[in-house]
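Any value given below was found using the heavy atoms of this structure, including those in side chains, with hydrogens, waters and symmetry copies removed. All chains are named by letter (A, B, ...) in the order of the sequence lines, taking the proteins before the strands, and each is independently numbered beginning at 1.
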Amino acid sequence: MASSDIRTTFQSFRDDIDAYNDRRERLIKASRDITNLSKKTIFLLHRLVLENAESLDDREVYLAAAKKGYEKLREVQNAYAGLRAELEADMFWRYERQVSPGLQEYIEALSFAWYLEHGSLIPFSEVQKSISDSDGKAYFPLTVADYLLGLSDLTGELMRFAISGLSRKGGRKKAMEVCAFVRTCKADFDRFTPFIYELRKKQSVTTQSLEKIEDTVYAICVRSSEYDLPPEMLDDIVGSISQSSRSKRGDEDEE
Amino acid sequence: MASSDIRTTFQSFRDDIDAYNDRRERLIKASRDITNLSKKTIFLLHRLVLENAESLDDREVYLAAAKKGYEKLREVQNAYAGLRAELEADMFWRYERQVSPGLQEYIEALSFAWYLEHGSLIPFSEVQKSISDSDGKAYFPLTVADYLLGLSDLTGELMRFAISGLSRKGGRKKAMEVCAFVRTCKADFDRFTPFIYELRKKQSVTTQSLEKIEDTVYAICVRSSEYDLPPEMLDDIVGSISQSSRSKRGDEDEE
Amino acid sequence: MDPSELDQINAFLEGDSELREKIKDQVNEFDKKARKMVGLLNRIHFTPTDALPALLESVKPILNDCQAVIKALADSVPPNQFWRWKDMWSNSLRTAVFAAVLVEYLSSGQLASLQQVSEQLGMKEEWKDRVTLTVEDYLQGVISVVNELSRLAVNSVTLGNFDQPIKISAFVKDLFVGFSMLNLKNDTLRRRFDSLKYDMKKIEEVVYDVSLRKLTSVPTLTST
Amino acid sequence: MDPSELDQINAFLEGDSELREKIKDQVNEFDKKARKMVGLLNRIHFTPTDALPALLESVKPILNDCQAVIKALADSVPPNQFWRWKDMWSNSLRTAVFAAVLVEYLSSGQLASLQQVSEQLGMKEEWKDRVTLTVEDYLQGVISVVNELSRLAVNSVTLGNFDQPIKISAFVKDLFVGFSMLNLKNDTLRRRFDSLKYDMKKIEEVVYDVSLRKLTSVPTLTST
Amino acid sequence: MDPSELDQINAFLEGDSELREKIKDQVNEFDKKARKMVGLLNRIHFTPTDALPALLESVKPILNDCQAVIKALADSVPPNQFWRWKDMWSNSLRTAVFAAVLVEYLSSGQLASLQQVSEQLGMKEEWKDRVTLTVEDYLQGVISVVNELSRLAVNSVTLGNFDQPIKISAFVKDLFVGFSMLNLKNDTLRRRFDSLKYDMKKIEEVVYDVSLRKLTSVPTLTST
Amino acid sequence: MDPSELDQINAFLEGDSELREKIKDQVNEFDKKARKMVGLLNRIHFTPTDALPALLESVKPILNDCQAVIKALADSVPPNQFWRWKDMWSNSLRTAVFAAVLVEYLSSGQLASLQQVSEQLGMKEEWKDRVTLTVEDYLQGVISVVNELSRLAVNSVTLGNFDQPIKISAFVKDLFVGFSMLNLKNDTLRRRFDSLKYDMKKIEEVVYDVSLRKLTSVPTLTST
Amino acid sequence: MDPSELDQINAFLEGDSELREKIKDQVNEFDKKARKMVGLLNRIHFTPTDALPALLESVKPILNDCQAVIKALADSVPPNQFWRWKDMWSNSLRTAVFAAVLVEYLSSGQLASLQQVSEQLGMKEEWKDRVTLTVEDYLQGVISVVNELSRLAVNSVTLGNFDQPIKISAFVKDLFVGFSMLNLKNDTLRRRFDSLKYDMKKIEEVVYDVSLRKLTSVPTLTST
Amino acid sequence: MDPSELDQINAFLEGDSELREKIKDQVNEFDKKARKMVGLLNRIHFTPTDALPALLESVKPILNDCQAVIKALADSVPPNQFWRWKDMWSNSLRTAVFAAVLVEYLSSGQLASLQQVSEQLGMKEEWKDRVTLTVEDYLQGVISVVNELSRLAVNSVTLGNFDQPIKISAFVKDLFVGFSMLNLKNDTLRRRFDSLKYDMKKIEEVVYDVSLRKLTSVPTLTST
Ligand SMILES: [Mn+2]
Ligand SMILES: [Mn+2]
C-alpha cells in the first residue's frame, strides 16, 4: 500500500472505530439508565412494603407493591425494545460487557417484585418473555449467566427486606420464611459456581446475607423462647406499646 | 477423642510442625549463604575481568578469572554436600521453594565462569555433576526448571560484562560475540516458556538485556563506519590517548 | 522565561502552600472542638435522665465556638475555592453536624433540619463559594446520630429509663422511612444508610424486652 | 545450547506436562465428590436433630468413594514426588477431611484423629512418598469444621436445640487449646487459626444468650 | 428453583463448557504455529540482507497452515457467537497478522491490507459471525510489526545496511500518521499506539546517526 | 577510591546484615514467650472466678522470663540504634504489655502504669537508646486488654459471675474517657481507639442484659 | 423528615449526575480538538524548515475553535464550582496549552506567557470561578513542549537544519534555569520537571554531535 | 486512668508531633540550599573552563551554610533518635554530598572521602546519635556525581575543552573499579551502581570521538 492508500485505509478504520464507539456509548448510557430505573424500582419496593407497615394484610401489601414494581419496570422493557436494533445478531455478544450490568440489575428488580407476588424464584422463561415482543420474539438472547447473576443479587435485597421488616406486624415470621428461601437459593446456585466465575464471588455475598438473616432469626427465637409466648401475641404486645408511645409523640408534634 | 487425647495429639502435631520449621529455617539460612557466595563470585568474576583490563591476552584473563570463580564456588558445593541429608528422598520437593533461589544463583555464577572458560552454555549434566559426590551420586536431583532459570539470569550478567568491558582492549569485538551468544540463548529458551511460567518473566528481562547489548554494538558499528578504520587500530589510538592522559593524572597525584 | 512572570508564578506557588498550611491549622482547631463535643456527648450513655439537660447545655457553648472557627475558615478560603479545600474539613464538619443534631434531638425530640444546623454553625449565605454545609455532610452527620441512639436505647434501660428506647424507636423509624425516600447513588452514603437497619433492629429488640418485661415481670410500671 | 540437549530437555518437559494433565483430571473427579459432600452437609443448618443421623448416613458412601480417586492419584504420582504435586489436590483433600471430621463429630461428639481420617480415605502407608495426609491438611480441615460449627450453634438454637451450642462450645474450646499449643509461623494456618477466635466469640455469645435466659439444662463447661 | 429448570440450566452450562474446551484445543494448535513463526522471524535481526528472502520464504508455509486451524475454529463456533469467544484466540490471531504483515513488508516494502491478510489466513466472508479479522486485531498486529522494526533499524545498521533504517522510518511515519487519524478511546489500542512514539523516536535516532555521519545515499524523507 | 576506605565500607555493609540475623533470633525467643502467655490468658474465658488467681500466678513467671530476653536484645542493639530496629520486636513487646496489664487488672482491678509495666519487663533506664517501652507500644497493649475484656464480660455471665461485667464496664468507661482526652495524631493508634467503641457497646449490652434481669447486686455506674 | 426537605435533597442528588454527563460530553469535544492539534504538530518532525510556517498556520484555526468549547464548558459549570470539575478537562486543557506554546515558539522563538495563552484560548476573567487556566496546567503544557523539542532537535539534523538544535538548546536551557528557580512542592510537577533533565541531555548530545563535526555556523551558547 | 499519667502521655504525644513539625521546617530549609547548589552546579554544562573556578567558588558559601542547618537539625533531634528521623533529610543530605564531591572533583581532580565530606558539612562526632553521614548516603551522592560527569564530558567538548572527557574517563573508571570491590546487597545502591556502566559507556564514546578527531581533523592538537 502506498502512503496515500494508507491514509484512505485508515480513514475507513476511523469510521469503523467511531461507529463502534458511538454504539458503545449509546449502549452504556442506555444501560446506565436501566440500572438507575431498576435500582429505583428496588428502592420503591422496599419503601412500599415499609410504608404500609400498619396495613392489615401482608399479601395485599406485597401484591400491591409488586404491581407498582412491574409498572415501573415497563419503562425498562420499553428501553430494551428500543435497543433491539443495536443488539441484533452477533451484536449482543459484542456489547455484552456494556449490556450485562444493567440487565442484571433489571433481573434483580424483576425477581424481587416476582418474589413479593409469588414467594418464589422467577423462572428463566419469564425473564426472557419480559424482554420479548408481543409475538414472543426476544429483543436479544438472555444468557444463563446474566439470569443467575441477577438472581444472586436478589438475596442481598431479601436480606434488607427481612431485617428492615422485622418491626412490621408478622415481620418475625416473614424473616424466617426469607431465611429458608435464601438458603435454598444458595444451595441451588452452588451447583453452577464451577461454570460461572463471577457467581463464585457473588455466592460469598449471598452466604454473608444468609448468615445475617440467620442471626436475625436466631435473635427472634432466643427472645420468644425466654418469654414462651406465641409470636403473634408478642407482636401485639410490642405493637400496642410502641403505638401508644408513637401517638403520644404525635401529640407533642402538634404543639 | 477426649479432651486429654486432643492435648496429646496436638503435642505430637507441635513436634511435627516444629521439626518442619526448624529444617526449613536451616535450609533458608543455608540457601541465603549460598546466594551470597554465588553473588560474590559473580562480582569477583566481573572484577577480575575489569582489573586486568590492560593485560595482553583475553583468553588468559578469562581463564584465570574462571579458575578463581570455580575455586570460590567449591564452598557452595561443600555446603550442598552438607545439606545432602536434609534433602533426601521426597524432602527436596518439600523444601524446593527454600532451596531454589540459592540454587539458581549458584547456577548463574557457575555458568558465568563456564562461559568465560568455554564461551558456551554449561550443559545440564555438568551442573548436576558439580553437586554430586565423587561417585557421581547427586546430593539431590537437579530440576530442569532450576537449570533453565539459573541460565536465564546469566544473560543479565553477560550484558553487564559486555557493556562495562567496552573500554578494554578488544572489548568492542567481545561485545559483538556476547550479542550473538545472548541472542541464541533467548531463542533456545523461547521454546521452553510454555512449560515454565517463571521463565516467561525472565525472558522479557533477557530481551531487555539483549536490546541493551544490541544498542551498544550498534553504537560501535556506527562509529567505526564513520572513521572507516579497522577496530583494532581504533582501539590502539583511543587506548594510547587515554593512557597518556591517565599517566599525566598519575603525576598530578604525586604532588 | 520572563523574570517578572517567574516571580509571579513563584509567588503564586508559595502562596498556595502557605494557604494549605493555614487551612490545616484551622481544621486542627475545628477538629479539637469536634472531638471535645464527642467526648462530652459520650457521657449521655451513663448520665441519668434528669442530669441530661445539664450535660447538653455544656455542649452548646462549644457548638457556638465552632462558628468562630468556621468563620476563620471562610475568611481563609479564597473566593470560589470551596470545592478545592472541602475535603480537608468535612470530617470535622460532619462531627459538628452530629453534635448539633444529637443535642437538638435529646433536647426537643426533633430532627434539626439542614437549614437549622447550618445556622447554628454560623454558616453565612454569602460564603457559599468558600464554606457551606452540603447535603452529603448533613446526611452523614444524621446517620451518625442514629448509630449513637441505638447505643443509647440500650444504656438508658440500664439507667432505668424505659421510655427512652420507645421514643428513640419511633424517631429512628421515621428517619429510616425518610432516608428510603432518597434515591441514593453515592456509594458511601448508601452503605451507611444500609447500616441503619441494624440500628433499627437493635432498638427493636430493646423495645421488645422492655415491653414484655413491663407486662410479665414488672407489671406495676406502665408507660406515662 | 547443544541441539541434542535441547531436544532432551524438551522431551522431559513435555512428559511433565502430560503428567500434570493426568493428575488434574483425577483431581477434578476428587473435587466433584468433595463438593457433593459439602452440598449435603450444608443441610445440617436446617435439619432437625432427629433427622440428622439419616443425613450423615447419606454422606458416608461418598466419603468411601473418595478412596478410589485417591488410589488413582497415588498410582499417577512418581516416587518421592508427593511434595511436588500435592498443591493440586490439597483443596479437595481438605474438604474431604472436613466432611469426615464433621460427620464424626455430629455422630459421636468426638474428634476424628488424623489416623482415623487417613484410614477412612483409604490412604496406604506404602504411598506416603506419593499421596498422604499431612498434619497441615488435617488441621485445615479441622478448622473448617469449627467455622461450620459456629454457624451451627446459631442455627441449632433456631431449631429449638439449646444444648447443641453448649456441646459445641466445649468441643471447640478443647480444639482451641490444642491449636494454641502449636508454634505457627505467619502462614495460612496461622491466619486461619486467628480466624478461629471469631468463631469462638460467636459461639460464646450464643452460649451466653442461652444460659442468661436459662434455656438449657446442660451445665456450661469450665476449665479443668 | 424448579428441579427441571435446575437440570436444564445445568445441561446448558455443561454444553457450554465442553464447547470452551474444544475451542481451547484448537487455539492451542493455532498458538503453536504462531510461536513457530515468531521464532523464525526473530532471525531477521541477524540475517544479512541477501539471506532475508530465503528466511521469509520459510515462514510462508506456516502462514498457510494457519488456514486449516482457523477453519476448524469457524466450524466449532455457533452462529452469531464470534464476539463471545474471540478473546480466546485473538492473541494467536494477532501474532499471525504480525507475521503476515512483517513478511509482506520485508518482501515488498508494502503494508499488507486487512483484506489481504484476511485472505492469506483463509478467512471466509460467510463465517463472519463466527471467525473474522477485526480492525482491532489487524491494528494490534501492525503495531507489533512497528515494535519489531524499531529493533530492526538498530540491528540492520550493525549488519552494515545503512539504508534500511531510512526506509523503515518512512514506512513507520506513514503508519503513524494513519494511526493519529483514529479516535482511540483509553483502551489497549490507545496505550499501544502511545508506545509507538517510543519506536518512532528510536528509529529517528538511528536515522539521525546514519545521516549525521553521511553513511547513506538514500535521501531522508520529508512530509509531502 | 582509597583501598582502606573501601575495606571499611565493605566491613560496614557486611556487619549490618549479621546484626539483623542476631536480633531476629532473639525476637523469635521473645515471641515464643509472648505467645505462651497469650495461650494461658485465653483460659480466663472459661476459668471460674475462684480459680482465676492460680491461673494468673502461672503467667507471672513467664512475664519475668521476658526480662532475660529483653536484656539480650539490649545487649545486641548497638548504642543509639533503638529506632532503627524497634519495629522488629514491637509486636512481641506489645503482647507482653498486654499480658502484664491484663494480669494486673484481674489481680487488683487497677490499670498498670507505663512505669510499672516497664519495670516488670526489666527495662533499664541506661538502655533507653537501645531498648525501651514507648508510649505507643504501651497504649497498643492497653487497647488489646480492652478487646479481651469485652469478651470476658460475655463469658463471665456464662460462668455465673454477674458482677464482673459491671466492674469491667466501669474500668473500660474510665479508660475510654482517658483515651478521648489524648490528642491522637498517630493514625494506627487512633484507628484502634476508634475500635474501642465496639468493645464498649458489647460490654454495655451485657450490662443491659444483666441489669434488665436484675441478676446483679452491684449498682450500675452513672457519671459523677 | 420533612417531605419538602426530602424532595429538595432528592432533586439535588439527581441534578448532580446529569451535570456530570453534560460536562463529560463537552470535554469529549475539547479532547477531539486537542488530539487533532497533536496529530498535526507531530508533522514538525518531518517537515522541512521552509514548510513549517504553513503547517503552523493550519493549527491556529483549531486553537481558535477551542474558544467555543471552553465557553460551552464555562456555561455549563455552576458558579464557584471550578475546583469541583476541573480534573475532568485538565488533560485536554494542558494539551491545548502545549499546542499554543509550541506554535508560538516555532513561529517567533518566544515563550508564550500564561496570560497570552489564556487569551488565545478565549478565557474570560469573569469565568474564573468556573473555567480558568491555572499555573499548574500552564507549566505542565510548557514541560510537554520541552519533551517535544528534544525530539525535534534530533529530527531537524536529519532534515539538514543544523542550527535548530543550537537554538532549541538555548531556549530549553533558559526554561530550565527558570524552572529551577521555582519552589515546586507539587509532586507531579516536580517529577515532570526532573524528567526535563533527560530532554536537556539529549539536546546537548545533538549539539555535541553537530559542533564536533563543525556543521553549524551559529556559535554554541555559553553562560553569561 | 491516673490523671497525672494521662497528662504525661498527652504531653509526650504533643511534643512528638511538634518535634516532627520542627524537623520538617529545618529539612525544608536544608532542601532549599541543596536545590540552590544543584541549580548553580547545573551551569557547569555551559560554563567555559576558565570561568569554572569562579562558579565553584559561588557554590562553596552555600555548602558552608549547610553546616548551620545541619547543626540546627542536630539540636532538634533528641539524643539517640538519629534512626527515627533520618529518612526525612536523607534526600537533601545526599544532594549536599553530591555538591561537595562534585565541587572537590572539579577543583582538585580528587574524590572527597566520606570523612572529608562529613567535615565539610560540619558534622560533629558527638552528634552521631542524632545526625551523621552514613555510608549509604555518601555512596548515593558519589553515584550522582558520576551521572553528572557523563553529561559534562559531552558538554565540555561542545565548549571546546577536549581534555576534560579524558580526565573524567580516568576518574570514573577508577570509581567504577572501586564500587565493584564492594559487596553490595542493598537493592537501591546496587541498582544505581549498575547504572554507572552506561555513564562509562557514554564517556567512552566521547573519548573515542575526541581521540579520533584529534588525529583526523584536529591533528595539531596533541595531548599534553
Ligand atoms: Mn442490590
Ligand atoms: Mn544476576
Ring pair (Phe, Tyr, Trp, His ring centres under 6.0 Å) with H:F176: which residues, sequence neighbours excluded?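 Expected list: H:F193.
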Would you indicate whether [X], at its atom [atom1], is surrounded by more than 12 heavy atoms from other residues, nucleotides or ligands within a distance under 6.0 Å?
X	atom1	result
H:K36	NZ	no
B:K186	NZ	yes
B:R97	CZ	no
B:R26	CZ	yes

Quick check for you: among B:L44, B:L166, B:T216, which has the greatest number of heavy-atom pairs under 4.5 Å with chain H?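 It is B:T216.
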I'd like to know whether B:K212 forms a side chain to side chain contact (heavy atoms under 4.5 Å, CB included) with H:K201, so could you lay out the CA-CA distance, the side-chain angles of the two residues, the decisive distance to 0.1 Å, and finally the verdict. CA-CA 12 Å; B:K212 284 173 189 165; H:K201 184 186 146 205; over 6 Å; no
In terms of side-chain geometry, is the basic nitrogen of H:E204 or B:R223 positioned less than 4.0 Å from the acidic oxygen of its partner?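 Between B:R223 and H:E204 there is no salt bridge, as every charged N stays at least 4.0 Å from the carboxylate O atoms.
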Is H:D194 close to chain B through its backbone or its side chain, or both, or neither, when contacts mean heavy atoms under 4.5 Å?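 For H:D194, side-chain heavy atoms alone lie under 4.5 Å from chain B.
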So do the side chains of H:D209 and B:Y227 get within less than 4.5 Å of each other, counting heavy atoms only?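 Yes, their side chains come closer than 4.5 Å.
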Are side-chain N/O atoms of H:Y198 and B:D215 paired as donor and acceptor at under 3.5 Å?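 On atom types as modelled, these side chains do not qualify, holding no pair under 3.5 Å.
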Could you measure the distance from the CZ atom of B:F43 to the CG atom of H:L182? Nearest 0.5 Å is fine.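 CG of H:L182 is found 8.5 Å from CZ of B:F43.
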Show the nearest heavy-atom pair for residues H:S180 and B:R47, with the distance to one decimal.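 Smallest heavy-atom distance, with atoms named: O-NH1, 2.6 Å.
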List the atom of H:K197, the atom of B:S164, and the distance in Å for their closest heavy-atom pair.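 Closest approach of H:K197 to B:S164, heavy atoms only: CD-OG, 4.0 Å.
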